[in-house]
Amino acid sequence: MGINQGPEDGKIKSGKQQKAKPEPLRKEKGIIQSDYACALETLEGNDVPENEVRILLLGVDGSGKSTVRNLILGNDTFKTDEPSRGKTRTSSYATCVRNGRRFVVVETPCLFHTRFAPKFIITEVNKLIGLTLPGPHICIFVVPSVDLSSEEKQAMARMQSAFFPGAADNSMVALTKIDVLSPKGMSPEAYASGAAVVIKKIIEKCNNRVVHLGLTNGKEEDELQTKNLVDVIESMLDKNSNKFYTNEAYALAQVNMKVHKTQLKEKYLRTEAGISLLEKMKNVEGMRSRKKTDENVSNATPAEETLEKMESGLKTLTESMTEVVCDQVREGVLQESITPFELNLRRLITSGTKSIGSFLASFISFGP
Ligand SMILES: Nc1nc2c(ncn2[C@@H]2O[C@H](COP(=O)(O)OP(=O)(O)OP(=O)(O)O)[C@@H](O)[C@H]2O)c(=O)[nH]1
Ligand SMILES: [Mg+2]
């Protein structure tokens with residue numbers, strides 16, 4: 001015993017602490033370690049890509065959430081051959097680029113159905129917040145134009161009490177399956193005016209912003225539907241000056257996420273794309289300081305033009321880093337390796353010491 005004691009054995013640990021040698025500065029393509037620290041500091045504010053549009057889909061089982069998601073993404077849309085209900089078991093996200101903007105569409109399961117235990121709801125709330133950080137630009141309440149069961153109505157009521165007030169400007173209703181109304185000789189408007197109180201309340205709280213969707217007679221009509229939906233989304237973005245919905249839960253999650261984001265950025269900066277970002281940063285910085293010291297450089301000099309060009313190139317590289325980091329966070333959130341709340345949510349709710357607790361409690365106790 002004790003013969004083959006290596007460096008892992010207890011003697012070294014319990015003995016006098018060895019002074020850690022400073023790590024030698026590593027060089028990567030002319031970049032030294034301190035450059036990474038400087039870059040991270042500079043990149044600190046770049047937490048979300050400027051052109052990102054986050055859309056949150058909420059609705060009961062089988063209401064048409066995936067269909068709406070596909071419409072936004074421009075995927076093949078109405079496949080009715082296989083009836084689905086409750087297929088979406090956990091939150092997910094998908095992305096597409098539309099008119100130069102990156103749409104991130106987050107689909108959730110019927111979060112507030114009475115069949116789900118609070119533990120499941122907590123996990124899913126954690127996920128939906130993590131996937132839409134720092135807050136969704138648009139919340140779409142997907143409402144099918146069919147009769148809802150009492151449990152579904154209850155779930156809708158819980159959804160609207162958890163997301164209002166505060167989300168009205170960022171919310172809309174997608175009234176789906178309107179094709180089932182025409183055989184009954186009913187218009188979507190007539191359906192809405194005779195709908196359950198909870199649906200009317202949701203429509204009202206979305207400032208009566210409703211888009212009608214249903215099976216169509218062909219591609220042309222399908223495209224028109226998509227266009228209508230995307231137009232409403234874009235006009236909301238314009239009207240809100242691209243402001244997204246946020247609340248205390250999001251704010252707390254955003255703070256907790258900082259450490260993950262910094263780690264992911266650091267990792268990114270060591271990739272090929274990251275190294276070229278660092279090089280660009282150094283070049284731009286060098287050019288800026290040369291310009292500062294050379295008072296004779298007028299605004300119209302070629303140097304000025306080059307700096308402008310370089311700055312725009314740097315912006316593109318930074319945006320793409322931010323995009324990658326945000327998606328890595330989302331992947332982590334989905335796999336539950338990253339949680340937006342470091343504190344145990346349940347403890348936070350029951351402690352009631354912070355106002356955030358009461359917000360989150362609305363997800364669990366379901367509010368009024
Ligand atoms: N008739 C008709 N059927 C539709 C329409 N939209 C969706 N469906 C069908 O309704 C079912 C549910 O649609 P989904 O888009 O999967 O709904 P979901 O809310 O994502 O459902 P889950 O994720 O399973 O809860 C599918 O069988 C669809 O084909 C529509 O406008 N009209
Ligand atoms: Mg679905």
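If you're wondering where the values come from, they're calculated on a predicted model, not measured in any experiment. We count ligands from 1, going down the list as the structure has it; atoms in each ligand are counted the same way. Just the heavy atoms: all of them, side chains too, but no hydrogens, waters or symmetry mates, feed the values below.
Contact check for Tyr93 versus Asp327: side-chain heavy atoms found under the 4.5 Å cut-off. Within the 4.5 Å cutoff, side-chain heavy atoms of Lys315 are placed close to those of Glu50.
Using a 4.0 Å heavy-atom cutoff, Gly214 is listed among the residues neighbouring ligand 1.
The shortest N/O to N/O separation between Ile178 and ligand 1 does not fall below 3.5 Å. Checked by distance only, ligand 1 and Val180 stay at 3.5 Å or farther apart across all their nitrogen or oxygen atoms. Ligand 1 has no N or O atom lying under 3.5 Å from any N or O atom of Thr176, backbone or side chain.
For ligand 1, the atoms closer than 4.0 angstrom to any heavy atom of Asp179 are 1 (N), 2 (C), 30 (C), 31 (O), 32 (N). Contact atoms of ligand 1 toward Glu107: 20 (O), 23 (O) (distance under 4.0 Å to a heavy atom of the residue). Less than 4.0 angstrom separates some heavy atom of Thr67 from each of these atoms of ligand 1: 6 (N), 7 (C), 13 (O), 14 (P), 15 (O).
Closest N/O/S atom of Glu107 to the Mg ion (ligand 2): OE2.
Glu336 meets the side-chain contact (heavy atoms from CB on, under 4.5 Å) test with Thr123, Lys127; sequence neighbours excluded. Scored by the side-chain contact (heavy atoms from CB on, under 4.5 Å) test, Asp231 finds Lys227 as partners (sequence neighbours excluded).
Remark: among candidates Lys65, Lys177, Arg69, the nearest residue to atom 4 (C) of ligand 1 is Lys177, based on non-hydrogen atoms.
Arg98 and Ile72 get closest at one heavy-atom pair: NE-O, 2.7 Å.
Between the side chains of Glu124 and Thr108, no donor-acceptor pair of N or O atoms lies under 3.5 Å. A donor and an acceptor atom, one from each side chain of Ser171 and Tyr245, are nowhere located under 3.5 Å apart.
Between the Mg ion (ligand 2) and Ser66 there is an N/O/S contact shorter than 2.8 Å.
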